[in-house]
Each structure stands twice: as C-alpha cells, then as structure tokens.
Asker: 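Could you have a look at this structure, given as structure tokens, before my questions?
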Amino acid sequence: MQDLTDGVARFQRDVFPAKAELFAHLATHHTPHTLFIGCSDARVVPELITGAEPGDLFVIRTAGNLVPAYGLEADGVAASIEYAVAALGVAEIVVCGHSGCGAMTALAEGHDLSGAPAIATWLRHADARSTAAGDVPALVRQNVLAQLANLATHPSVARALAEERLLLHGWVYDIATGRVEDLTGAGHVLAA
Ligand code: ZN
C-alpha cells in the first residue's frame with residue numbers, strides 16, 4: 001500500500017502540474033474517442049500501450065477480455081458498453097487480447113476450475129470450441145474475434161454499426177516484445 005500512497009504523492013507533485021490544463025479541461029468534459037476492452041491482467045495497460053492521454057479511452061477490463069453477448073439481465077459490462085457507444089458516442093472499439101493470458105490458458109489447457117465456480121461460469125463467454133487443445137496463442141486470437149461478434153449483439157453497437165459511425169478492431173498485445181497485432185486489419189503489425 002505504501003507504494004500506492006507514494007505514487008499518489010508523486011502524481012500530485014510531478015504529473016498533475018505538468019498536465020494541469022488538460023485536467024482542468026477534463027473536469028467538465030468527457031469525450032473519449034475509443035472504447036478499449038482489454039484483459040484485467042496487470043501487465044496489459046491500455047493507456048501505456050497506446051500512448052493515450054487521460055480522457056482518450058473509455059476502458060472496460062475483464063478477465064480474458066470477455067464481452068458477454070447481449071442478454072436481458074443487467075450487467076456492468078453491457079451497461080458500460082451502452083454508455084460508451086450511446087451516450088459518449090465513441091467512434092472506435094478495440095478488443096485487445098494478449099500473450100500469456102491466464103483465462104485463455106485455463107481454457108486451452110483444460111484446467112480444473114471446479115474450485116473456482118465464478119471463473120468457470122465467466123469463461124463460458126469465450127468460444128473455445130474450434131481451437132486445438134493447448135494452443136494458447138491460437139485461442140487468444142480466436143477469442144478476440146469471438147468477442148467482437150458478441151459485441152455486435154449489443155443493440156447500441158449494432159445500431160452504431162448500421163449507421164456507419166462505429167468501427168470495431170481486434171488486437172493482440174505481446175507482453176514480451178510490446179508488439180500489437182491488428183487481427184482486423186489484414187493481420188498487420190501496428191507497432192514493433
Ligand atoms: Zn488475460
């Protein structure tokens with residue numbers, strides 16, 4: 001905890017004054033251009049990877065960067081998507097998977113999740129059916145594409161897509177190299 005309180009002190013002393021104008025603007029403006037849906041994994045930091053400033057990204061992070069398909073029961077992920085798309089009007093959505101994902105590893109390697117019922121239930125939102133057992137990188141990619149499909153079942157997203165005011169992107173971030181692969185842009189690498 002001391003690390004965090006030291007960090008807050010450093011932020012207030014060094015970071016905040018350097019961006020004081022930006023923060024003053026952000027106090028009354030919330031206009032992110034992108035909804036970034038990533039994994040909760042501590043090593044995948046959306047703003048760091050993309051060089052985004054405060055205010056740029058509306059972020060949802062879930063275990064395995066999973067986006068459940070739209071359902072009638074209210075949930076936090078669906079509400080956050082609806083808010084980003086319908087209320088804030090983001091123009092882009094990125095679903096970002098990553099190397100070494102614990103959630104995808106558990107699925108690909110068939111880990112026993114009987115002692116972790118919440119995880120077992122949550123991971124049902126991944127689509128692991130057609131991936132070779134044990135192939136984690138393949139499942140990470142396939143899962144990103146499956147989550148883009150789930151995303152499109154949300155009415156706010158479907159409406160924005162139909163009106164051509166929203167673009168969906170699937171990325172995979174490699175922790176060891178920092179590279180980002182764009183699965184939806186002919187598979188080309190965004191950054192080396
Ligand atoms: Zn992960």
Side-chain angles (χ1 to χ4, degrees), residues 32 34-50 52 57-88 90 92-161 166-175 180-185 187 190:
T34 297
L35 166 59
F36 190 102
I37 301 175
C39 185
S40 299
D41 191 296
R43 302 164 296 179
V44 184
V45 182
E47 289 81 359
L48 190 66
I49 295 170
T50 61
L57 303 180
F58 192 89
V59 175
I60 300 171
R61 292 175 72 174
T62 66
N65 44 271
L66 299 179
V67 181
Y70 188 74
L72 288 181
E73 68 271 41
D75 75 75
V77 174
S80 299
I81 291 167
E82 190 174 88
Y83 185 64
V85 175
L88 299 177
V90 297
E92 322 260 351
I93 302 179
V94 174
V95 174
C96 185
H98 68 98
S99 63
C101 184
M104 294 304 108
T105 301
L107 281 176
E109 297 181 351
H111 292 183
D112 176 14
L113 295 172
S114 54
I119 298 173
T121 301
W122 177 247
L123 292 184
R124 286 209 300 261
H125 297 296
D127 182 1
R129 283 168 300 182
S130 58
T131 301
D135 191 345
V136 177
L139 181 55
V140 166
R141 283 171 174 70
Q142 181 190 316
N143 180 58
V144 166
L145 299 176
Q147 301 315 309
L148 288 175
N150 283 351
L151 201 48
T153 66
H154 290 249
S156 58
V157 173
R159 201 159 43 240
L161 288 172
L166 181 65
L167 292 171
L168 305 187
H169 308 273
W171 290 4
V172 174
Y173 171 67
D174 185 67
I175 293 171
V180 174
E181 185 183 353
D182 181 358
L183 302 180
T184 42
L190 291 179

Asker: Not counting sequence neighbours, which residues clear side-chain contact (heavy atoms from CB on, under 4.5 Å) with Ile49? List them please.
Answerer: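 Checked Ile49 against side-chain contact (heavy atoms from CB on, under 4.5 Å); matches are Val44, Tyr173, Val180.
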Asker: When rounded to the nearest 0.5 angstrom, what is the spacing between CD1 in Ile37 and OG in Ser80?
Answerer: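 Reported value, rounded in 0.5 Å steps: 9.0 Å.
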Asker: Show the nearest heavy-atom pair for residues Val59 and Pro46, with the distance to one decimal.
Answerer: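 Shortest heavy-atom separation between Val59 and Pro46 comes out as CG1-CG, 4.1 Å.
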Asker: Give me the atom names and distance for the closest heavy-atom approach of Gly64 to Ala103.
Answerer: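 For Gly64 and Ala103, the tightest heavy-atom pair comes out as CA-CB, 3.7 Å.
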Asker: A side-chain contact here means heavy atoms from C-beta on lying under 4.5 Å apart; do Val90 and Thr34 qualify?
Answerer: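 No - every pair of side-chain heavy atoms lies 4.5 Å or more apart.
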Asker: Surrounding CG of Leu161 (heavy atoms of other residues, nucleotides or ligands, distance under 6.0 Å), is the total greater than 12?
Answerer: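 Atom CG in Leu161 is crowded, with more than 12 foreign heavy atoms closer than 6.0 Å.
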Asker: Please collect all side chain to side chain donor-acceptor pair (under 3.5 Å) contacts where either partner lies in residues 150-161, sequence neighbours excluded, each pair once.
Answerer: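 Residue pairs passing side chain to side chain donor-acceptor pair (under 3.5 Å), neighbours aside: Gln147-Asn150.
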Asker: With Ala146, which residues qualify under side-chain contact (heavy atoms from CB on, under 4.5 Å), at least two apart?
Answerer: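 Partners of Ala146 by the side-chain contact (heavy atoms from CB on, under 4.5 Å) criterion, ordered by chain and then number, come out as Asp127.
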Asker: Does any part of the side chain of Thr50, heavy atoms only, come nearer than 4.5 Å to the side chain of Phe36, both counted from C-beta?
Answerer: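 A side-chain contact under 4.5 Å exists here.
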Asker: Hey, could you give me the CG/CG distance between Leu107 and Leu139, rounded to the nearest 0.5 Å?
Answerer: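 Output value for this atom pair is 6.0 Å.
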Asker: Hey, does the side chain of Arg61 reach the backbone of Gly38 with a donor-acceptor pair shorter than 3.5 angstrom?
Answerer: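 Not at all, since once roles are kept as given, no pair shorter than 3.5 Å links the two residues.
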Asker: Hey, what do you get for CE (Met104) to CG (Asn143), rounding to the nearest 0.5 Å?
Answerer: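 Reported to 0.5 Å precision, the distance equals 4.0 Å.
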Asker: Which atom pair, heavy atoms only, marks the closest approach of Val157 to Ala152?
Answerer: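 Closest pair (atom of Val157, atom of Ala152, distance): CG1-CA, 4.0 Å.
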Asker: Report all side-chain donor-acceptor pairs from residues 92-100 shorter than 3.5 Å, counting only partners two or more places apart or in another chain.
Answerer:
unit_1 : atom_1 : unit_2 : atom_2 : d
Glu92  : OE1    : His169 : NE2    : 2.4
Ser99  : OG     : Ile175 : N      : 2.9

Asker: Check side chain to side chain donor-acceptor pair (under 3.5 Å) between Arg43 and all other residues, then give those that pass, not counting sequence neighbours.
Answerer: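 Per chain and number, Arg43 pairs via side chain to side chain donor-acceptor pair (under 3.5 Å) with Asp41.
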Asker: Can you name the closest pair of heavy atoms from Val144 and Trp171 and give their distance?
Answerer: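 So the minimum-distance heavy-atom pair works out to CG2-O, 3.6 Å.
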Asker: With side chains defined as the heavy atoms from C-beta onward, is the minimum distance between Thr62 and Val67 less than 4.5 Å?
Answerer: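 Thr62 vs Val67: side chains apart.
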Asker: Considering all heavy atoms of both residues, which atom of Gly170 and which atom of Thr184 are nearest to each other, and what is their separation?
Answerer: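 It is N-OG1, 2.9 Å.
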Asker: Would you check, one step at a time, whether the test side chain to side chain contact (heavy atoms under 4.5 Å, CB included) holds for Arg141 with Leu183?
Answerer: CA-CA 8 Å; Arg141 283 171 174 70; Leu183 302 180; 4.0 Å; yes
Asker: Test: side chain to side chain donor-acceptor pair (under 3.5 Å). Region: residues 110-122. Which pairs qualify, not counting sequence neighbours?
Answerer: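 For residues 110-122, and leaving out neighbouring residues, the side chain to side chain donor-acceptor pair (under 3.5 Å) pairs sorted by first residue read Glu109-His111, Asp112-Ser114.
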